[in-house]
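Notes follow the structure.
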There are 2 protein chains.
Amino acid sequence: MKAERSLAEILRERGYRLTPQRMIVLEAVEASDHHISAEEIHTKAHARYPYMNISTVYRTLELLKELDLVAETDLGGGRLVYHPAGKAHHHHLVCRKCGKVQDIDRTVFERLRDELKDRYGFNAEFEHMGIFGTCEACRGQ
Amino acid sequence: MKAERSLAEILRERGYRLTPQRMIVLEAVEASDHHISAEEIHTKAHARYPYMNISTVYRTLELLKELDLVAETDLGGGRLVYHPAGKAHHHHLVCRKCGKVQDIDRTVFERLRDELKDRYGFNAEFEHMGIFGTCEACRGQ
DNA sequence: AATATTATTGCAATAGCTTGCATAAGCAAT
DNA sequence: ATTGCTTATGCAAGCTATTGCAATAATATT
């Protein structure tokens with residue numbers, strides 16, 4: 001059982017402040033059932049709370065990433081998308097042809113991580129990777 | 001021995017045209033000894049040939065990627081960089097702390113590629129990946 | 001060599017995201 | 001509750017990259 005810690009608590013112990021904007025951005029990401037873009041977050045958040053600027057949305061997302069509350073992924077389409085961090089699936093196979101996104105387990109990267117560590121002493125961050133390619137259905141063009 | 005095929009030839013057999021702009025962009029990438037940004041390419045190319053617009057540079061780079069003559073990589077810093085394709089090294093370990101970039105062999109991704117293929121039927125493109133993390137020297141902060 | 005066809009370019013507008021700076025507001029101490 | 005310190009926000013400007021469209025230029029045909 002993981003203790004639920006409030007956003008206020010998490011922020012304050014690092015010297016950050018709780019603001020309505022931060023609460024609302026986080027809630028918007030958590031409320032969304034799909035990967036949501038910054039623009040969508042802004043639209044939703046602004047409807048609830050008019051004092052909500054797009055640059056604040058971006059800055060808040062940056063902060064929530066740092067706090068490991070939100071994850072950012074590039075699924076193509078020229079915009080980054082966001083979802084709550086800490087879910088089971090951690091990577092995304094993105095088909096260039098049909099656009100389908102399949103979520104996969106993080107474990108597939110573990111062997112590669114180890115190899116980069118052993119061979120180059122490099123500590124790679126493989127989190128919420130968008131992996132582009134061609135899905136099974138689209139194989140033969 | 002690989003036969004050298006001219007740019008004109010490669011373009012024409014696909015229905016594309018040879019233009020001074022295309023020649024000069026390709027030469028700028030090939031002449032550069034490091035990863036070069038679109039803006040740098042534009043500056044160099046414009047000096048040689050005044051009829052050279054930044055949007056043409058971007059469109060030409062897109063084309064040269066498709067022709068496998070040029071590779072694009074995200075090494076951070078908010079801009080994409082380009083280099084001639086088909087060199088031995090294919091991926092790049094980018095240290096978030098000191099910014100050092102270490103080029104590595106493509107083979108490290110082969111096992112992962114196979115695994116994604118076997119488990120999900122997914123044909124992943126792992127080419128010229130920028131892999132972010134922490135290098136050996138920066139390990140202990 | 002001139003003409004027709006169609007790919008390509010330049011320009012300007014636009015999209016997504018970031019940043020500097022003055023103002024506003026959260027928090028701690030009184 | 002008020003004050004003071006410092007973080008956070010809004011605004012506007014700026015950066016990298018993309019796109020629609022009219023003008024231009026490369027190729028194939030005559």
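Model, not experiment: these values are computed from the prediction. Every chain is numbered from 1 and lettered A, B, ... according to where its sequence line falls, protein lines coming before strand lines.
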Arg12(A) (side chain) and dG26(C) (base): donor-acceptor pair under 3.5 Å: no
Measuring to OP1 and OP2 of dG26(C), would you say a side-chain N or O of Thr19(A) lies under 4.0 angstrom away? no
Rounding to a whole Å, what distance do you find between Tyr51(A):OH and dA25(C):P? 8 Å
Residue Arg59(A), side-chain atoms from C-beta onward, closest of dG10(C), dT8(C), dG20(C): dG20(C)
Looking for any heavy atom pair under 4.0 Å, which part of the strands does Ile54(A) touch: base, sugar-phosphate only, or nothing? nothing
From dT6(D), dA17(D), dT6(C), pick the nucleotide closest to the side chain of Arg17(B)? dT6(C)
Tyr58(A) side chain: which of dT8(C), dG16(C), dG10(D) is closest? dG16(C)
Aromatic rings His35(B) and His83(B): how do their planes relate, parallel, tilted or perpendicular, breaks at 30° and 60°? perpendicular
At 4.0 Å (heavy atoms only), tell me whether Leu80(B) reaches a base, stays on the sugar-phosphate, or touches nothing. sugar-phosphate
Taking OP1 and OP2 of dG16(C), is either one under 4.0 Å from a side-chain nitrogen or oxygen of Arg79(A)? yes
For a quick test of reading the model: is some side-chain N or O of Arg22(A) closer than 4.0 Å to OP1 or OP2 of dA8(D)? yes
dG10(D), OP1 or OP2 - any side-chain N/O from Gln21(A) closer than 4.0 Å? yes
Classify the side chain of Ser55(B) versus the base of dC11(C) as yes if they form a donor-acceptor pair under 3.5 Å and no if they do not. yes
Looking only at side-chain N and O atoms, does Asn53(B) come under 4.0 Å of OP1 or OP2 in dT9(C)? no
Testing the 3.5 Å rule here: is there a donor-acceptor pair between the side chains of Ser37(B) and Glu40(B)? yes
